[in-house]
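None of the values given here were measured: they were computed from a predicted structure. Letters go in sequence order (proteins before strands), and every chain restarts at 1.
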Amino acid sequence: MKEGYFPQEIEKRWQAKWEETKTFHTPDCSDKPKYFALSMFPYPSGRLHMGHVRNYTITDVIARFKKMNGFNVLHPIGWDSFGLPAENAAMQHNADPAKWTDENIAYMTKQLKMLGLSYDWDREVTTCKPEYYKWTQWLFLQLYKKGLAYKKEAAVNWCDKCGTVLANEQVIDGKCWRCDSVVEKKYLSQWFLKITDYAERLLDDLDKLPGWGENVKTMQANWIGKSEGAIFRFKVKEVEGLEVPVYTTRPDTVHGITYLVVAPEYKDIEKLTTAENKSAVEEYRANARKMSEIERLSTDRPKTGVPLGTHCINPFNGEEFPLWTADYALAEYGTGAVMAVPTHDTRDFAFAKKYNLPMKVVIQNSEKPSDCCNEAYTEEGILVNSNEFNGMKNTEAKKAITQKSVNEGFGEFKTQYRLRDWLISRQRYWGAPIPIVYCDKCGIVPEKEENLPVMLPTDVDFSVVGKSPITTSPTFKDTICPICGGHAVREMDTMDTFICSSWYYLRYSDARNDKECFNKEKVNHWLPVDQYVGGIEHAILHLLYSRFFTKALKDCGLLDFDEPFKNLLTQGMVLKDGSKMSKSKGNTVDPDEIFENYGADTARLFILSDSPPARDFDWSDAGVEGCYKFLNRIWRLLWMNQVNTDLSVDGKNIKATKRENDDLIRAVHMQIKGITNDITNEFQFNTVISKYRELVNTIYDWINKNDLVSDENKQVYSFAIKSLLILLSPVAVHLAEEAWHELGGEGSVHNQNWCEWDENLAKASKITLVVQINGKVKDKMEADEDLDDESLKSLALLSPKIKELTEGKEIVKTIVVPKKLVNIVVK
RNA sequence: GCUCCAGUGGCGGAAUCGGUAGACGCGUUGGACUUAAAAUCCAAUCGGGGUUCACCCUCGGUGCCAGUUCAAGUCUGGCCUGGAGCACCA
């Protein structure tokens with residue numbers, strides 16, 4: 001009997017062996033179909049946390065399962081290594097961010113290897129290395145050439161703590177996504193990517209993604225925020241030739257306009273303000289500017305505003321109404337101006353009520369008559385007070401009224417999106433420099449492609465406050481204009497790190513190419529990613545940006561597919577004691593500790609065992625212990641018997657009579673089927689692990705009831721053990737390999753084919769017939785499975801118990817579910 | 001406010017199509033082994049009630065209320081609770 005289970009020693013040995021023999025290398029060419037399994041790559045923060053362990057274990061098991069099922073599997077890893085933590089560390093310790101990053105990568109690489117993940121390390125990508133960011137810059141230039149990258153002066157989100165601007169997607173509840181500090185508005189000239197050009201495609205193509213969760217798709221759809229409506233242009237009475245356009249989704253209420261609101265930042269606001277209102281308006285605008293995003297966005301804040309003194313004329317009915325400015329109108333959405341219909345919009349109602357503005361009902365519903373004095377009526381109804389549209393259903397009136405405005409030249413149909421262009425400039429050091437120069441003569445000039453990468457300078461001072469360290473480099477700023485050769489200065493901003501992560505998955509297809517960002521044939525071969533696994537927190541940011549990038553690069557002719565991730569699994573969080581593991585709460589569990597005390601196989605088994613992958617996972621020390629005991633139980637099973645397990649056994653060669661009648665053989669087939677289905681449908685690893693346990697329990701039971709002397713039984717036993725090891729191998733990767741090797745199996749267990757099952761054997765030899773009366777279970781009996789419905793019915797009626805219960809009652813009806821159930825309906 | 005997801009024992013969770021609710025595990029309890037402990041193994045474990053104390057009977061039970069159906073954790077409608085996302089988006 002082999003000695004006890006010492007995972008640490010076994011694991012180290014096999015990890016070295018796999019590395020040496022390149023067991024997990026992925027060739028580009030293969031006659032097998034491809035499969036691309038991908039985890040979201042980590043930021044090299046220093047150490048792995050349990051969320052990483054969960055993410056990478058899930059993907060690893062999928063990759064291994066697919067490989068054993070005959071796919072050429074691409075399963076790479078890399079590092080999302082630009083970003084603020086490295087820079088902050090540099091500022092605190094006056095260290096080089098590159099060095100800090102490299103050290104973290106080295107440590108985390110060691111941890112990933114200890115977890116026994118089947119990565120092809122030859123394809124590792126690191127976004128902060130010049131050989132990678134060269135291509136990030138090159139891609140930026142392609143987008144620039146396509147007109148998808150542009151610079152503009154705009155109100156931007158500024159995080160003072162991070163000392164940089166943020167994209168809209170990076171502002172969560174008015175706060176910075178990274179550091180949680182309150183975001184301010186600033187006016188700056190910044191680089192943007194025209195993601196809005198892709199709004200329609202990003203929305204429509206969500207339908208092409210049946211392999212994505214509905215929750216993620218809805219979040220993206222909400223973020224894109226499509227709405228259909230109309231633009232109406234209103235002439236200003238006091239200013240000749242000036243018009244105020246408004247966007248509305250309620251053109252049907254146009255006859256009920258009683259005032260109009262423009263945002264405090266509205267471009268023509270000064271022209272729209274009369275002399276006597278000027279000081280009040282100026283004061284109001286100054287206040288609005290001072291307000292933080294959080295205050296401004298709070299919906300329960302009482303509405304405020306001031307009149308501008310001017311008026312517009314409603315071309316539909318000739319009525320005149322006043323113009324106001326109020327901060328409930330947003331400058332960045334629609335036209336920055338809103339037509340106000342207090343009777344049919346709750347916000348306009350609140351505002352009108354406060355400032356005593358008139359109200360006019362234009363939609364009524366006979367069942368729910370609108371009451372213009374108490375609240376806005378926002379539901380459907382029939383138009384009134386609307387001239388020729390009176391009596392029309394409001395849903396129809398939307399179209400008819402907009403059409404009239406089109407015919408008469410003061411309006412149009414308009415589709416509006418909430419999505420804004422992606423602000424990508426960052427006033428930080430540790431990112432890919434934007435490859436643009438500003439020439440005294442030629443203006444904004446893209447760097448020449450052959451001059452890439454624009455290297456990050458290293459002669460910088462990290463101790464500066466209030467500006468980017470990159471500006472302190474004496475060598476970086478001044479350069480030569482690629483067009484005229486004259487003096488030029490470099491763009492000092494770096495790119496948002498989300499750009500680096502918007503294309504890394506493409507680079508894996510051709511990671512070592514130093515001539516192109518990737519070869520088109522290779523990228524078309526490997527992509528799209530067949531299974532992407534990562535946290536739900538990227539539902540909008542990373543996943544939306546990556547989808548945009550893929551579409552834009554397709555339009556640049558660099559690749560031929562338009563969605564990067566065919567299937568997406570968003571794994572749940574790892575919790576401890578009911579809340580998310582975090583350093584501040586002090587409820588973290590260090591993976592190293594688990595590796596050391598129990599080994600990686602226990603960690604892998606446990607992280608998959610208790611919850612389905614998409615759900616949150618509550619870490620419990622007892623659960624870890626339980627998994628460790630289970631592996632020990634398997635270990636004992638493997639060596640408790642003095643039998644030579646023969647791993648070359650083929651289940652099909654076991655004598656037919658034995659095969660069909662042995663419980664263990666049937667159990668093995670049943671579990672193979674169950675485990676395979678559980679992995680295939682939705683990656684239900686928690687039930688897979690239940691089935692491992694059932695199988696092990698069955699083998700123990702069988703050993704207790706059967707001798708291991710007869711050749712037939714030895715064969716059955718060997719078949720069961722062999723199947724167990726193969727089924728177990730994607731999860732308990734080291735234990736399975738050690739056992740496979742020690743029991744004399746050929747090659748690596750990880751190069752075996754997945755187990756097959758025989759449909760006829762993957763079920764019990766007899767069925768259990770359930771007999772119900774009026775839908776309630778009253779009896780169960782064994783029956784042959786080939787009995788037809790009639791025989792099952794009579795069998796059920798033969799049961800003494802059923803006889804007794806139906807005695808003297810009228811049998812109205814009998815329902816038979818083939819091979820399963822008989823329901824007798826009595827009165 | 002809008003959108004999406006979820007709600008099943010003490011706990012994590014299971015239950016392809018509407019067809020035996022509670023698989024598997026954790027925990028708990030009892031037992032075996034042991035001088036003892038650990039480890040291991042065996043057994044019990046949804047709740048109420050009954051009884052001839054059994055491998056028994058019976059009733060109830062998947063957030064709540066209705067409905068469809070021979071049959072509902074599963075389908076439909078309406079609510080409640082929790083989580084997530086969006087939110088003065090006109």
All N/O pairs under 3.5 Å across the protein-nucleotides 19-25 of chain B interface:
from	atom 1	to	atom 2	distance (Å)
rG19(B)	N2	Gln772(A)	OE1	3.2
rG19(B)	N2	Asn823(A)	ND2	3.3
rU20(B)	O2	Lys780(A)	NZ	2.6
rA23(B)	O2'	Glu694(A)	OE2	2.8
rA23(B)	N1	Ser690(A)	OG	3.4
rG25(B)	OP1	Asn697(A)	ND2	3.3

Distance between [atom1] atoms of [N] and [M] (Å, rounded):
N: rA44(B); M: rG49(B); atom1: P; value: 22 Å
N: rG18(B); M: rG73(B); atom1: P; value: 13 Å
N: rU28(B); M: rU3(B); atom1: C1'; value: 43 Å
N: rA21(B); M: rC59(B); atom1: P; value: 13 Å

**Glu625(A) side chain to Tyr598(A) side chain, donor-acceptor N/O pair below 3.5 angstrom** =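 Distance-only check passes for Glu625(A) and Tyr598(A).
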**Prompt:** How long is the line joining CG of Asp618(A) and C1' of rG27(B), in whole Å?
**Reply:**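 Checked: the CG to C1' distance equals 14 Å.
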**Request:** Figure out the NZ/C1' separation between Lys175(A) and rA87(B), and round it to whole Å.
**Result:**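 Taking atom C1' of rA87(B) as the reference, NZ of Lys175(A) is at 16 Å.
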**Request:** Please find out if less than 6.0 Å separates the ring center of Phe234(A) from that of Phe321(A).
**Result:**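 Close enough - the centres of the two rings lie under 6.0 Å apart.
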**Item:** Ring centre gap for Phe351(A) and Trp324(A) strictly below 6.0 Å
**Value:**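 Yes - the distance between ring centres of Phe351(A) and Trp324(A) falls below the 6.0 Å cut-off.
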In terms of side-chain geometry, is the basic nitrogen of [X] or [Y] positioned less than 4.0 Å from the acidic oxygen of its partner?
X: Arg285(A); Y: Glu265(A); value: no
X: Lys673(A); Y: Glu759(A); value: yes
X: Asp678(A); Y: Lys691(A); value: yes

**Asked** OP1 or OP2 of rU58(B) less than 4.0 angstrom from a side-chain nitrogen or oxygen of Lys776(A), does that happen here?
**Response**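 So the side chain of Lys776(A) is outside the cut-off, no N or O lying under 4.0 Å from OP1 or OP2 of rU58(B).
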**Prompt:** Where does the angle between the aromatic ring planes of Tyr333(A) and Tyr247(A) fall among parallel (under 30°), tilted (30 to 60°) and perpendicular (over 60°)?
**Reply:**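 Perpendicular: the ring planes of Tyr333(A) and Tyr247(A) meet at over 60°.
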**Request:** Pick base, sugar-phosphate or nothing for Val825(A), based on heavy-atom distances below 4.0 Å to the nucleic acid.
**Result:**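 The residue Val825(A) makes sugar-phosphate contact but no base contact.
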**Prompt:** Is rC17(B) syn or is it anti, if syn means the base angle is within 90 degrees of 0?
**Reply:**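 For rC17(B), whose glycosidic angle is within 90° of 0, the conformation is syn.
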**Item:** Geometric cation-pi criterion, Arg289(A) with Tyr284(A): 6.0 Å, 45°
**Value:**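 No - Arg289(A) does not lie over the ring of Tyr284(A) by the 6.0 Å and 45° rule.
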**Request:** Assess whether atom CD of Glu412(A) is packed by more than 12 heavy atoms of other residues, nucleotides or ligands within 6.0 Å.
**Result:**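 Counting other residues, nucleotides and ligands, CD of Glu412(A) exceeds 12 neighbours.
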**Asked** Between the base of rC4(B) and the side chain of Lys217(A), is there any donor-acceptor pair under 3.5 Å?
**Response**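 Flag unset: no donor-acceptor pair detected.
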Below 3.5 Å between N/O atoms, which protein atoms pair up with nucleotides 83-86 of chain B? Just atom names and distances, please.
from	atom 1	to	atom 2	distance (Å)
rC86(B)	O3'	Arg418(A)	NH2	3.4

